[in-house]
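Worth knowing before you read on, the calculation uses all heavy atoms, side chains too, and leaves out hydrogens, waters and symmetry mates. Order of the sequence lines sets the chain letters (A, B, ...), proteins ahead of strands, with each chain counted from 1.
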Amino acid sequence: MHEQHLESIMEPNLLNSRRRFLSLLVATPTLLGLAPGISHAEKLAVEKDTLKLGFIKLTDCAPLVIAKEKGFFEDEGLQVEVTAQSNWKVLLDNVITGNLDGAHMLSGQPIAATIGIGTEAHIVTPYTLDLNGNAITVSNSIWEKMQENDPDLDSDKPKHPISAAALKPITEDMLAEGKKLQMGMVFPVSTHNYEIRYWLAAAGIHPGFYSKTDLAGRTDAEVELSVTPPPQMPATLEAGTISGYCVGEPWNQQAVAKGIGVPVVTNSEIWKNNPEKVFGVTKKWADENPNTIVAVTKALIRAGKWLDETDASGKLVNREEACRILSQPNYVGADFEVIKNSMTGTFIFQKTDVQDMPDFNVFFKHDCSYPWYSDGVWFLTQMRRWGQITEAKPASWYAETVKKIYLPEVYLKAAKALIAEGHMTEDELPKTTDGYKVATKDFIDGNEYDGRKPIEYLNSFKIGIKDEAALSSR
Amino acid sequence: MAIKYKILKAINISGMNFLAPVVRLAVGEDPQKQLREIGRFIVVPALAFLAFLLLWSVLAPKHKTKAGEVPTPRVTWEATGGIWRFHDRETRKDEAYQFTGGQRLEALVAAKSRMAELDALETKAKAELATVEASSKEKYDAVVGPVKAAYDKARETTSESRRTRTEALKTEAAALANSGADAREEFIGHLKAAEVTTGKEKTDLDSLKDKYTEVQSIAFPETKKAQRAVTLLAEERQFLVKYIDMLGEGSREVKVTESKAKYDEAKTAFLNAGPDEDLFKLGSSLVKRQELMATTETSSYAKPWTLPKQIVRSLLCVFAGFLLSSLIAIPLGILCGLSPTFMAATAPFVALFKPVSPLVWLPIIMIIVGGFMPDPANHWLILLFGKIPFIGNYKIDPMFLSSAITVALCSLWATLVNTALGVGSVDKDHMNVARVLRLGFWSRLFKIVIPTALPLIFAGLRISLGVGWMVLVAAEILSTSEGIGKFVNDMYTNGSSQSFAQMFVVVFIVGIIGMILDRIMVIFQRLVSFDNASSAI
């Protein structure tokens, strides 16, 4: 039934004369706005027109904020309140209890909630908000020790990517003294947790297993990871409770600006163009509001496109304005200069080491916003690798689970409507038949990932839980 | 003269006795004495406050934090401007969305002319910034350059000398192959000495490096000021872009006109449709457009929370909690006062729960309240609050209720204990008279017990309200329920150059509101006291 309903609203006249007409009118205010009879683009009949969406103060919430501030939500007939949440747990609880209609979520969150790690609830996602955008920062003293261990790092512009190899002797020394290095990440099922684990494990440092009884994930750990909300990372690092952390922006640039730590590696160096945040809603909400979810996705796609717009020379043209908007106190609220550091195509590792990173934040390019099944499978494999999924599962389970969570059909409906309205072109749609990205070796350790072969992938790691090879065909 | 006594009485009741000498002086009563009193109760406190401001201004810049300098009174005062600007701009956007007709066009013209002015201002500010930046770059290079050069040189020599040492030791080690134990022992000594030298060199290098890092963080106030000017203008431009959009294309009027046009179009199509057209489809499309038109007409701008609105919500929350605590504590307190047995039964609970912190209560209550409201948006209680005028604008949600209940739980003890004390200390003679007059239980309660206990009950209520106000801010920080606490938490997490000072502003806002609430309770307390008992300030 819900399919049919959507079809019926997709087909009518989706011409795009409206915006252009209106912009003309705005230019001549005395003539403004009251001439009827123009052929309009058809709005979706949204089931709910005032929405409350949650976000965490991180620059990758940008598509939600931009869709509101640039009027993309309003174009879909939605009045949206975008409210900051204090941490990921509160945000998820608010989505589940219905205080929020939807939210900016960690990619792992819908997956974990659906398969029952932590709070259990069926969460779905039609839209990936961004790629990359995180970094691992270590404290000044750890950075000095790393420089001692690897003199190549002791320069104003060390060579990137920096692996955790120089960190290994530090952890070994600490272990010999009966201590463990403490590092922070933002949530047990966050991309940051898997990224910092990947980075550590790639250099042979064991970040610890989760198990039924060890929910902190510290079994066999050589480095202990703990949860700290993103905005509090710099303060916690400064207080010495942790010696390093993995977090999104602006909290790494904030550490540089305040001189309390040194970002050593970005997550795009750990896995090039890795999915980071998604827009999540409950399955119940998606079922009850089939048109609204498409309308929201449409607005988000337009926001993502706007954020990634470039001029002929490839310079990102709208990012300054986006930073200005994000620096408002009700959004990210950090200083414009700090947000700008990472959002406008550069990344500051140290005051002397400013690197060009045009892809540090990707909101639309590289088929970013499409909800790829292969992305979901990667998170599932990492959850299994570190023991958050406590039992071995067959390959088919991975494929089926991810189909329950990722909604490419909603994305495609939204995208096609935008194509009909002229806000998007056919060639901006990802070319895929099964929703899996092609196999890639763009990882810091060069290990190949193919979403269609989860079990083989799991068994290819030196550190991590391994499953029976026979499961791959089941 | 009667007016003088009236004023003096009002002053006395409101507990603002420091104003009394001013009134007395105005009517010419013993000027010397009054001047002395004014000196003591007005001039001295004012001077103390000035001294505080002075001390603050001097001490604040001395302490450098990683989040920036501790704001001085002046910076704090300027930060109120930032808070106000945000509020003002959001309010104007909200208005813009609702403007119609001439008012809208007028505002649009005004906004556009301001936008045109902004271009010139921005160019000027940017040029200014460029000059200042260039000059501070020169200064920076002048200061940092030599230190950096020294550090680089020292680093080179250090690593060079280390390399030479290692080479020498390696040669020595190679020669050891044929030597005996003594020579080998001696070599170990050399190794150790080399290590000591390396350590010493490293300490020297580190101190140079520290110096280098320190000079790197050299600040240029004039650059900051120029940058601030550019930021302010850029923020205004950002606002104007949105504001103009909301007055033009994005205004409700335009949207309503648009959807009305579409509706009319659909209606014409439906009414004039020929026999071979799908009337069902046209009809449903018409209904859908009618719905869209209706929602557009009632739509409003989703305005973010700003501090003034958050303050009102915090006040609502504290009063809700206070009301709840009074409703529980006063009857319980009366029972306790009347019956020593009941008091004995209650005592352990009071002793046990009184010291529990709001930070413990809140998560528990949030879970319990959440259990009652599986679908908060459609819960009858929330819908009921939503319909009440004024209060409905403040979005009463489970978080608000949890905060209010936490306030109630933490503040009810003072009222309970004071009420019990007040009721328990009713004069025996009064009770005997009541017995002689054969007054019933209720008459005794309302004619004798409560009136006698009232001053103490109000003393308890006053403490309760004070505690509640203190607890509330903490509860709001933890529950992220919109209000003053949420504002502080947001500013803390924002960590921008402005937010530190804005948190200082909140200290004063919370303090002033707390003071006003306290004064109000003092007035009530004095009004119900027969003996005009003075209360502590």
Side-chain angles (χ1 to χ4, degrees), chain A residues 8-9 12 18-19 22-23 25-26 29-30 32-34 36-38 40 43 45-46 49-50 57 68-69 71 74 77 79-86 90 93 97-99 151 154 229-232 234-235 238 254 258-260 321 324-325 327-330 332-338 351, chain B residues 66-67 82 86 105 108-109 112 155 159 213 216-217 227 231 234-235 238 242 244-245 248-251 253-255 257-258 260-262 264-265 285 288 291-292 295-296 299-305 370 373-377 397-399 480 489-499 502:
Chain A
S8 70
I9 33 162
R18 181 178 149 259
R19 274 200 88 89
L22 282 167
S23 56
L25 283 178
V26 171
T30 41
L32 193 73
L34 309 173
I38 317 297
H40 298 288
K43 266 187 210 165
V46 292
D49 63 343
T50 51
K57 288 178 179 278
K68 175 179 162 65
E69 285 291 321
E74 283 167 24
Q79 281 298 336
V80 178
E81 193 190 328
V82 187
T83 53
Q85 307 291 307
S86 58
V90 168
D93 286 348
T97 55
N99 287 331
D154 192 7
Q232 278 153 36
E238 195 187 349
Q254 193 81 283
K258 292 181 178 174
I260 54 180
E321 189 181 346
R324 198 56 84 185
I325 294 172
S327 69
Q328 284 181 23
N330 54 330
V332 179
D335 281 340
F336 168 74
E337 285 77 18
V338 174
K351 282 185 178 133
Chain B
K66 296 279 163 67
F86 180 62
L105 296 181
L108 193 58
V109 171
K112 285 197 169 164
R155 198 167 60 175
S159 62
T213 337
Q216 268 182 320
S217 62
Q227 207 154 34
T231 305
E235 278 173 2
Q238 192 56 51
K242 182 78 182 163
I244 288 172
D245 177 64
E249 189 182 345
S251 79
E253 193 183 19
V254 172
K255 284 187 180 171
T257 320
E258 239 174 78
K260 173 119 191 353
K262 270 201 271 180
D264 288 343
E265 201 180 294
S285 151
K288 205 175 77 194
E291 277 169 17
L292 274 175
T295 51
T296 316
S299 68
S300 61
Y301 169 60
K303 188 180 162 192
W305 287 87
M373 300 182 178
D375 182 13
D397 55 12
M399 292 299 185
T480 62
N489 197 32
D490 279 353
M491 288 308 119
Y492 175 61
T493 50
N494 281 355
S496 79
S497 52
Q498 288 299 297
S499 40
Q502 291 181 343

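For B:S300, the part lying under 4.5 angstrom from a heavy atom of chain A is the backbone only. Contacts of A:V90 with chain B are made by side-chain atoms alone, with heavy-atom separations under 4.5 Å and no backbone atom involved. For a residue to count as touching a neighbouring chain, one of its non-hydrogen atoms must lie under 4.5 Å from one of that chain's; by this rule B:Y301 touches chain A with backbone and side chain alike. Proximity to chain B involves both the backbone and the side chain of A:E321, based on heavy atoms less than 4.5 angstrom apart. Interface residue A:D154: backbone and side-chain heavy atoms are both found under 4.5 Å from chain B. Residue A:Q232 touches chain B through its side chain alone, counting heavy-atom pairs closer than 4.5 Å. With a 4.5 angstrom heavy-atom cutoff, B:E291 does not touch chain A via any of its atoms. Proximity to chain A is absent for every atom of B:Q502, based on heavy atoms less than 4.5 angstrom apart. Heavy atoms of B:D490 lying under 4.5 Å from chain A belong to its backbone as well as its side chain. With a 4.5 Å cut-off on non-hydrogen atoms, A:V80 touches chain B through its backbone but not through its side chain.
B:Q498 contributes atom CD, which lies 7.5 Å from atom CG of A:D335 (distance to the nearest 0.5 angstrom). Taken to the nearest 0.5 Å, the NZ atom of B:K112 stands 6.0 Å off from the CD1 atom of B:I244. Rounding to the nearest 0.5 Å gives a distance of 9.0 Å between CD of B:E258 and OG1 of B:T296.
Ranked by non-hydrogen atom pairs under 4.5 Å with chain B, the options A:V82, A:V46, A:D49 are led by A:D49. Between chain B and the residues A:P329, A:P151, A:S86, the most heavy-atom pairs under 4.5 angstrom are made by A:P329.
When atom types are taken as modelled, the side chain of A:K258 and the backbone of A:E238 share no donor-acceptor pair closer than 3.5 angstrom. In terms of modelled atom types and a separation under 3.5 Å, the side chain of B:K242 and the main chain of A:E69 share a donor-acceptor contact.
Residues passing the side chain to side chain contact (heavy atoms under 4.5 Å, CB included) test with A:T83 are A:K52, A:E81, A:Q85, A:L100, sequence neighbours excluded. Residues satisfying the salt bridge (Lys or Arg N to Asp or Glu O under 4.0 Å) criterion with B:K303, sequence neighbours excluded, are absent altogether.
Look at B:K255 and A:E74 and you find a salt bridge, because one of the NZ, NE, NH1 or NH2 atoms lies within 4.0 Å of a carboxylate O, short of that distance.
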